[in-house]
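Report on one structure; see the data block that follows.
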2 protein chains.
Amino acid sequence: MLSSSGKELEAMVRSRLFDAGVRYTPGRARVFRLMEAAGGPRSAAELHGIVSDDLPLSSLYRTLMVLSETGILEKSHGPEGVALFELSEWLRGHHHHLVCVQCGSVEDIDFEAGDEQVIGAVAERVAATRGFRAKGHRIDVEGICGECAA
Amino acid sequence: MLSSSGKELEAMVRSRLFDAGVRYTPGRARVFRLMEAAGGPRSAAELHGIVSDDLPLSSLYRTLMVLSETGILEKSHGPEGVALFELSEWLRGHHHHLVCVQCGSVEDIDFEAGDEQVIGAVAERVAATRGFRAKGHRIDVEGICGECAA
DNA sequence: TTCCTTGCAAACGATTTGCATTGGA
DNA sequence: TCCAATGCAAATCGTTTGCAAGGAA
């Protein structure tokens, strides 16, 4: 679940961009709202498909880069290597992903606090045995989504 | 830890390639041994750096593709989007990764059986609430490696 | 001989960048 | 006025592919 509602999030984004000396333009607002509405990581191509009308790919990429550099979005990569973007954790809240190995869809999923705590503890303990200081973890649950199972 | 030792693994690879009607050539053996020796996922560029002498990138890519298609290797993507390859689970055994957010290095890490069981159960339970049938999971523990912390 | 494999060079596709233009504060 | 933001086209870079030559069965 999102940690705050629309207006609040937008205010947080606006102020972070301001602090970075970057304008909150209509184009950026548009991309931000798309990401807010998305239920998981999205590729530039998918986003472009939605706003295909008047938003050049290069501008979209530039917007995604600015939002990533300012910490609004986080960038990752799907199984085929295409870049995927999603709201970063301080806006969206900590979560994981359900990845369908059949159709490739990716959905956000929230674990319960208790489960998170257990997993975090395991991660820290195991990492420590290698002189590694754990800061966080990323989990992809792989399987078959409802659509594909039907 | 690897589930079997060198000779055994090679025999498994050889027979799987044979079943697929693919030859176990010196070039493929060479790449396989590199992957066996690697302690984590490796990019084509990294591998090429090791055998730079006489192995064209295109041949290396083709070898990696053949080994992936036959299930010897698994392909994923690093934070910058470059393709990474590693021995697949039936050869290497189930494991996870320690990812250093500073230098980008990726090391294999084995969780204890008990921890795996707990995590697997959580993943299945959570996935089920979304009509998703969990088959497995992938965990990246992010943090600072010993080298970078020093 | 018949396929599979290899190397080279060319092709690809996703992403990035140079540059001139537009627009907001 | 001034600097950031935009659009377009061209450039990049990792990766893939066509094609002809080399080799094993």
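A note on names: the letters A, B, ... follow the listed sequences, proteins ahead of strands, and every chain is numbered from 1.
Note: B:Thr129 OG1 to A:Ile109 CD1 = 4.5 Å, rounded to the nearest 0.5 Å.
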request  = For A:His137 and A:His96, run ring pair (Phe, Tyr, Trp, His ring centres under 6.0 Å): C-alpha distance rounded to whole Å, both residues' side-chain angles, the deciding distance at 0.1 Å, then the answer.
outcome  = CA-CA 9 Å; A:His137 57 263; A:His96 298 295; 5.2 Å; yes
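Between the NE2 atom of A:His48 and the P atom of C:dA14 there is a distance of 13 Å, rounded to whole Å. At whole-Å resolution of the value, CG in B:Asp19 and P in C:dC4 are 16 Å apart. In this structure, A:Leu55 places its CG atom 12 Å from C1' of D:dA5, rounding to the nearest Å. Atom CG of B:Leu67 and atom P of C:dT6 are 10 Å apart (whole Å). We find that CD of A:Glu69 is positioned 15 Å from P of C:dT15, with the value rounded to whole Å. Rounding to whole angstrom units, CG of residue A:Leu64 and P of D:dA5 are separated by 15 Å. We find that CG of A:Asp54 is positioned 17 Å from P of C:dT22, with the value rounded to whole Å. Counting to the nearest Å, the C1' atom of C:dT15 and the CG atom of A:Leu47 are 14 Å from each other.
For the salt bridge (Lys or Arg N to Asp or Glu O under 4.0 Å) condition, the pairs that include at least one residue of residues 113-130 of chain B, sequence neighbours left out, are A:Glu107-B:Arg130, A:Glu112-B:Arg125, A:Asp115-B:Arg125, A:Arg125-B:Asp115.
A donor-acceptor contact closer than 3.5 angstrom is absent between the side chains of A:Glu142 and A:His97.
A:Arg133 meets the side chain to side chain donor-acceptor pair (under 3.5 Å) test with no other residue; sequence neighbours excluded.
Residues A:Thr63 and A:Phe85 have side chains not in contact (no heavy-atom distance under 4.5 Å, counting atoms from C-beta outward).
Nearest nucleotide to the side chain of B:Val22, out of C:dT5, C:dG7, D:dT6: C:dT5.
Using a 4.0 Å heavy-atom distance criterion, B:Thr25 is classed as a sugar-phosphate-only contact.
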inquiry  = Protein within reach of the bases, or only the backbone? For nucleotides 15-22 of chain D, mark each nucleotide 5' to 3' as B, S or -, using heavy atoms under 4.0 Å.
reply    = SBBB----
